[in-house]
Number of protein chains: 2
Amino acid sequence: MTINENADVNPEFVKGLEDVIASTTSIGYIDGQEGKLVYRGYDIFDLAKYSSFEETVYLLLYGKLPNQVELEAFKEKLVSYRPVMNEVMDRLAQFPCPCHPMSILRSGISLMECINESCRGSGNIEGEIEEGIKLIAQIPTLTAGIARILNNEPLVQPDPELDHAANFLYMLKGKRAHPMAERIMDISLILHADHGMNASTFASLVVAATLSDIYSSITTGISALKGPLHGGANEMVIQMLLNLNSVKEAEEYMDEVIANNKKIIGFGHRVYSTIDPRAKILQRYAEELCNITGNQQLYSIARTIETRGIEAYGKKGVYPNVDFYSGLIYHSMGIPGNMFTPIFAVSRTAGWVARIIEYLEDNRIFRPRALYVGLKGLSYVPIDKRE
Amino acid sequence: MTINENADVNPEFVKGLEDVIASTTSIGYIDGQEGKLVYRGYDIFDLAKYSSFEETVYLLLYGKLPNQVELEAFKEKLVSYRPVMNEVMDRLAQFPCPCHPMSILRSGISLMECINESCRGSGNIEGEIEEGIKLIAQIPTLTAGIARILNNEPLVQPDPELDHAANFLYMLKGKRAHPMAERIMDISLILHADHGMNASTFASLVVAATLSDIYSSITTGISALKGPLHGGANEMVIQMLLNLNSVKEAEEYMDEVIANNKKIIGFGHRVYSTIDPRAKILQRYAEELCNITGNQQLYSIARTIETRGIEAYGKKGVYPNVDFYSGLIYHSMGIPGNMFTPIFAVSRTAGWVARIIEYLEDNRIFRPRALYVGLKGLSYVPIDKRE
């Protein structure tokens, strides 16, 4: 095909490629009208209820639920890949000024390609799957390490006896979390693992399709997830909640928001016109967790905002999204707000890897057009003749 | 809008978003039929002949050729931004195993956000332009530093007396290059600065549109450019040429390629059905440079392949692309092959920054659809009941 970006056609085009199909997939889909999220044919409600993050990752990567032998082997492999080389952590420590953990995480993943024993992706699909599994296993270690560096605490090595979510919390906090917190982290990781053709997934596919390596693609996913229009939003919900000191203040706050038709932080999502199924699941767990951790008042404030928000905006299709309750949950686990988006990345890496591998199996480089609307046919003017 | 990725429509879609319009632009366009490349209304032939890289960057960023005062101020600003902090270079030195310089460059740009004095993008467009100009000024320093680290040579600090291209060659080689080499590097940087909605530019826009910072976007551009289907191809041309020891061997090689209808490395481009204008310009300079540097035989080998290739494949619209001669030029300058793609990035950063800033002025997050073609409505089966 020959591209003429100066073609005198004036085609209709939709900003942001909204509703444009970029690829086919068998990995998962969203039904925004019904409020459904499906991984490989399984409803997210079932996976949150019955599955584990490790099993869900297997499902995303291989397209089926593993049997006992397959799951054990896969879990063992993840455990064996967990440690992150000191050469990476050393390079991330002691920055001259405090930096957002997403920036450090992006740098850490990029450095990992240079330092991992294999030195780089192997260039074939089997090799890329293996490097992808390595990244899924290592990103919790890297993320927990960054949290501890920023908090001036010593690094905690992974505990091979613990499952993925429990080990992640252990490395973050330096001690075992409450069993309920471990289970809720597991569920939260399941819920965030994949979500259709979102911006970070799409960006990572655009990079993968040049046949660049998987570290480049995941670095890119993190780069996109960092944006406040994407993963970067979850940090703002808890800031809003913590600014309110009582249910009464929350009511007054909502009076003002609704009277002025303002946006509610943590409400609304481009793909859902009903409640985000992930928010529905997390709301119930947020309540349980807040009861255990003594954050009942914060939970009541959140519920006030949710109830008032749905009353006012639900008829317009604006409902709480996943960020609304995930922040409350992480905060109740004692995790600082700037780590919420990195935790999102810990989970979403699974979806990125699964979709990259799927795309590479029938690859085509992404090369859309930009429609030129600028000046044409200008003659170069020597500098002394310019105004 | 509500997305239903499970909609029972079966829309036509084009893999790789081929010919799909992703945005409008006033920065530049390609006419693939005519073999034209235009920046801001100016033909690339004029810019290569009369302009400098600094002036071209100004043009791309601000949409007009600068007057004398504007150009001097812009050049001074670039010079002032050139040094890269030791904290970045130290972290890139001494990797445990040799790594592709594109991987190190990707890590270096990412680390720069964490270490640059401002610590991160400012979040507003003026701030992002300033950080973008900083990156355009610093990426030659970073790239030359990586080349010298990989070659176990001491780093060379930028020389404020030298223009952008001359200083880049100076930092790479540790001494001033031949004036002809400096001018040809300048031209090569002009030619590679922008090229429509290519994969790396597109990937960097997808990231920028989440309102992530410009370091994330440029890290992403490098991640995509690294792929062998994109910028990673230029390294392969010189490998092919160096494997041929005479014009006779080149003729035999081409006999075999043509007889078997094989692809010629450095030939063909998705957007051109005629000769790539950049290849046309570089071919003439390659000849001049090879004469000076004693690489006449290598030039003759390249010409043999070009002539035979066009005879055989030109009627199918397959012509030499920019990679065909850029590698020969860089090789004649004594630059190792693994640095060719990083040099591409040194130039293309200008186009990435210009298009990111333009897109942010009327931003919309990229959120296309994936069409779900997988299984549906599966029931979760307990693990002991699975096969």
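All heavy atoms count here, side chains included; hydrogens, waters and symmetry mates do not. So you know, we letter chains A, B, ... as the sequences are listed, proteins then strands, and number each from 1.
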Measure distances from A/Glu387 to the heavy atoms of chain B and classify the residue's part below 4.5 Å as side chain, backbone, both or neither.
backbone
Straight-line distance of A/Ser223 OG to B/Ile214 CD1, nearest 0.5 Å
12.5 Å
A/Asn363 versus chain B, the contacting section by heavy-atom distance below 4.5 Å
both
Main chain of B/Gly41, side chain of A/Tyr372: is a donor-acceptor contact present, judged purely on distance under 3.5 Å?
yes
Residue, of A/Gly377, A/Gly317, A/Ala224, that accumulates the most heavy atom pairs under 4.5 Å with chain B
A/Ala224
Of all of B/Leu65, B/Ile27, B/Val206, which one pairs up most often with chain A through heavy atoms under 4.5 Å apart?
B/Leu65
Note: vs chain B, highest number of non-hydrogen pairs under 4.5 angstrom among A/Leu375, A/Val373, A/Val381 is A/Val373
Give, as side chain, backbone, both or neither, the part of B/Thr219 having an atom under 4.5 angstrom from any heavy atom of chain A.
side chain
Should we count NZ of A/Lys64 as having more than 12 external heavy atoms under 6.0 Å?
yes
Please flag which part of A/Leu71 lies under 4.5 Å from any non-hydrogen atom of chain B: side chain, backbone, both or neither.
side chain
Mind ranking A/Asp46, A/Ile365, A/Leu225 by heavy-atom pairs under 4.5 Å with chain B and telling me who comes out on top?
A/Ile365
A/Arg386 side chain vs B/Pro66 backbone, donor-acceptor pair below 3.5 Å
yes
Report, as yes or no, whether the 6.0 Å neighbourhood of atom NZ on B/Lys15 holds more than 12 heavy atoms from other residues, nucleotides or ligands.
yes
By ring pair (Phe, Tyr, Trp, His ring centres under 6.0 Å), B/Phe202 pairs with (sequence neighbours left out) A/Phe202, B/Phe366
Interface residue of largest heavy-atom contact number with chain B, from A/Gly231, A/Ser204, A/Gly227, under 4.5 Å:
A/Gly227
Could you give all pairs that pass the salt bridge (Lys or Arg N to Asp or Glu O under 4.0 Å) test and reach residues 99-112 of chain B, with sequence neighbours left out?
A/Glu113-B/Arg106, A/Asp213-B/Arg106
Whether A/Ser212 side chain and B/Lys226 backbone form a donor-acceptor pair below 3.5 Å
no
So what's closer than 4.5 Å to chain A heavy atoms on B/Glu55: side chain, backbone, both or neither?
side chain
Largest heavy-atom contact set with chain A, pairs under 4.5 Å, which of B/Val69, B/Asp362, B/Ile109:
B/Asp362
Between B/Arg355 and A/Ala370, the two heavy atoms sitting closest are NH1-CB, 4.0 Å
With side chain to side chain contact (heavy atoms under 4.5 Å, CB included) as the test, would you mind laying out the steps for B/Leu111 and A/Arg91 before giving the verdict?
CA-CA 10 Å; B/Leu111 283 168; A/Arg91 281 173 170 79; 6.0 Å; no
Do B/Leu17 and A/Leu17 have side-chain heavy atoms sitting under 4.5 Å apart?
yes
Part of B/Ala22 within contact of chain A (heavy atom distance under 4.5 Å):
both
Begin from the C-alpha positions of A/Val271 and B/Arg367 and carry the test side chain to side chain contact (heavy atoms under 4.5 Å, CB included) through to its verdict.
CA-CA 9 Å; A/Val271 301; B/Arg367 216 294 180 196; 3.6 Å; yes
Given heavy-atom pairs under 4.5 angstrom as the criterion, report whether the side chain, backbone, both or neither of B/Ala93 touches chain A.
backbone
Among A/Ala199, A/Gly221, A/Pro228, A/Gly374, residue most engaged with chain B (heavy-atom pairs, under 4.5 Å):
A/Pro228
Point-to-point distance, once rounded to the nearest 0.5 Å, from OG of B/Ser107 to CE of A/Met112:
11.0 Å
Tell me, with the steps shown, if A/Val207 and B/Thr220 meet side chain to side chain contact (heavy atoms under 4.5 Å, CB included).
CA-CA 8 Å; A/Val207 168; B/Thr220 294; 4.2 Å; yes
Do the ring planes of B/Tyr380 and A/Tyr42 sit parallel (below 30°), tilted (30 to 60°) or perpendicular (above 60°)?
perpendicular
To the nearest 0.5 angstrom, please state how far the CD1 atom of B/Ile222 sits from the OG atom of A/Ser110.
9.0 Å
Contacting region of A/Ser379 [heavy-atom separation from chain B under 4.5 Å]
backbone
Check: B/Gly16 main-chain N/O paired with A/Arg364 side-chain donor or acceptor under 3.5 Å
no
Can you confirm whether more than 12 heavy atoms, excluding those of B/Lys316, are under 6.0 Å from its NZ atom?
yes
Apply side chain to side chain contact (heavy atoms under 4.5 Å, CB included) to residues A/Arg369 and B/Asp19 and explain how you reach the verdict.
CA-CA 6 Å; A/Arg369 286 172 58 195; B/Asp19 220 23; 2.8 Å; yes
Could you have a look at B/Asn67, B/Thr25, B/Leu211, B/Ile104 and say which one has the most heavy-atom pairs with chain A under 4.5 angstrom?
B/Thr25
